[in-house]
Amino acid sequence: MSDSIFSVPRGTNDVLPSEAPLWQFVEQKARAILASYNYKEIRTPFFEEIDLFARSMGQTSDVVQKQMLTLNSQKQNTGKDKEESVELALRPEGTASVVRSYINNRFDKIEGLSKLFYIGPMFRGERPQKGRLRQFHQIGAEAIGPGPDEALLPYLDAEMIALSTHILKALGLNQFILKINTLGSLESKAKLYEYLKGQLTAHITALCPDCQNRFHKNVFRILDCKNRECKAVTSKIGLEGRAWLDEASAAYYKKVKSLLTDMNVAFVEDTHLVRGLDYYMHTVFEISGASLGSQDALGAGGRYNKLVTDLGGPQVSAIGFALGIERILLAAADTLKPEASVLDVFVIVLDEAAFAAGFNLATQLRNHGIRADINFKIASMKSQMRSADKSNAVYAAILGADELKAGTITLKNLKTGNQVSLPISDEKAIKEAILTRTD
Ligand code: AMP
């Protein structure tokens with residue numbers, strides 16, 4: 001692509017200045033909506049002890065087994081005045097880090113329910129393809145805390161799902177499918193596990209080698225497998241009656257569904273949706289984009305109460321989701337039209353003698369909050385005007401020989417062509433003219 005000795009690392013992208021406004025637009029919209037549900041931003045490190053991910057996502061998960069991008073082991077103080085080597089990895093997802101921080105910072109002693117969100121890069125050593133990167137970005141939300149009444153948890157689940165779809169809709173996405181399912185309580189989930197094992201026993205040899213392994217380690221992951229042979233086997237497993245669900249879990253799920261309907265959040269039920277990570281229970285959901293190809297997942301989430309205790313924390317309720325920004329950008333490519341960044345004024349000087357005065361004017365205007373730039377090259381009026389147009393400036397402040405002699409500038413509105421003459425020393429008047437667009 002270029003003559004540089006180095007290329008961008010495989011599976012990563014530069015976000016170029018022409019693309020950055022799109023990213024800013026997505027992030028700002030998401031922030032505004034997250035704020036309207038009272039979510040507060042949390043920023044955790046981009047790397048953590050690898051064991052945190054192994055513990056949370058499950059040692060046998062594909063991400064931990066195959067996709068961890070590890071760093072050289074580093075000496076780290078283990079807290080007992082002892083330095084030990086710990087292996088670190090770039091974070092493949094956000095939930096584990098947020099939960100670690102929740103526990104470390106004793107959030108449960110501060111508030112009943114912590115509504116936390118993050119926006120940032122995640123890293124997985126996957127085989128790159130369209131929509132699948134090694135560094136990608138997520139918008140994630142987590143609601144964790146001891147506060148919620150047991151009976152009101154379905155409301156929190158419904159709110160969380162509604163929040164994820166609200167963000168997508170605000171970004172102009174309407175062609176997505178929200179799939180939901182329940183794994184039920186931990187007891188129900190254990191029953192489902194046994195049921196799946198029973199159903200799959202006779203078909204082990206028809207499964208891909210990975211799934212044959214999963215059969216022994218975590219049978220749920222077989223339902224997530226994209227392999228055609230595995231899908232053929234799993235599609236025949238009857239899950240419709242949800243016979244393994246205990247009564248309370250069935251009522252919980254029913255309530256979530258009726259709330260979503262009340263909230264006008266369209267969904268389909270998918271009994272085969274289990275989200276293969278160890279930590280999920282009760283409500284799980286996935287959102288796929290209709291216009292995306294094989295990598296069609298826009299986001300996913302679910303309830304994960306047990307993860308907090310698994311990581312040494314208190315017994316609390318926890319639910320969250322993550323949306324992939326690159327996938328959103330792919331799906332919304334035609335609808336997102338953020339405004340190009342605008343410069344208020346482009347200072348034009350026509351000779352070296354005027355440059356210092358022009359440079360000073362740009363400096364003063366910036367100090368007054370005006371977005372100003374100047375060409376660091378003396379060039380003809382025509383060429384300077386081209387630069388001003390290219391910069392998307394609303395005004396050109398022209399400082400030629402006549403203006404320099406008279407101590408003025410000509411402020412020209414590049415959209416209307418109108419112009420006024422103002423004293424160069426009167427930055428306030430220049431600022432006023434620019435901001436009020438008086439011409
Ligand atoms: P997951 O934790 O795998 O369910 O990921 C949540 C969301 O992040 C997915 O639905 C995707 O939108 C996005 N995502 C996950 N992995 C990647 C990847 N390798 N490249 C781009 N986006 C990804």
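Indexing begins at 1, ligand by ligand and atom by atom, following the structure's order.
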| Do His282 and Tyr253 make the cut of ring centroids closer than 6.0 angstrom? | no

| note | Counting only non-hydrogen atoms and a 4.0 Å cut-off, the residues near ligand 1 are Arg124, Glu126, Gly131, Arg132, Leu133, Phe136, Gln138, Arg275, Ala297, Leu298, Gly299, Ala300, Ala322, Gly324, Arg327

| field | Partner set under salt bridge (charged side-chain N to carboxylate O under 4.0 Å, His left out) for Asp389, not counting sequence neighbours | value | none

| task | Evaluate the ring planes of Tyr280 and Tyr304, with Trp represented by its six-membered ring, and classify them as parallel (under 30°), tilted (30 to 60°) or perpendicular (over 60°). | result | perpendicular

| Parallel, tilted or perpendicular: ring planes of Trp244 versus Tyr195, cut at 30 and 60 degrees | parallel

| message | With salt bridge (Lys or Arg N to Asp or Glu O under 4.0 Å) as the rule and sequence neighbours excluded, what pairs involving residues 301-313 come up? | response | Asp157-Arg303, Lys306-Asp310

| request: Please collect all salt bridge (Lys or Arg N to Asp or Glu O under 4.0 Å) contacts where either partner lies in residues 21-40, sequence neighbours excluded, each pair once. | output: Arg31-Glu41

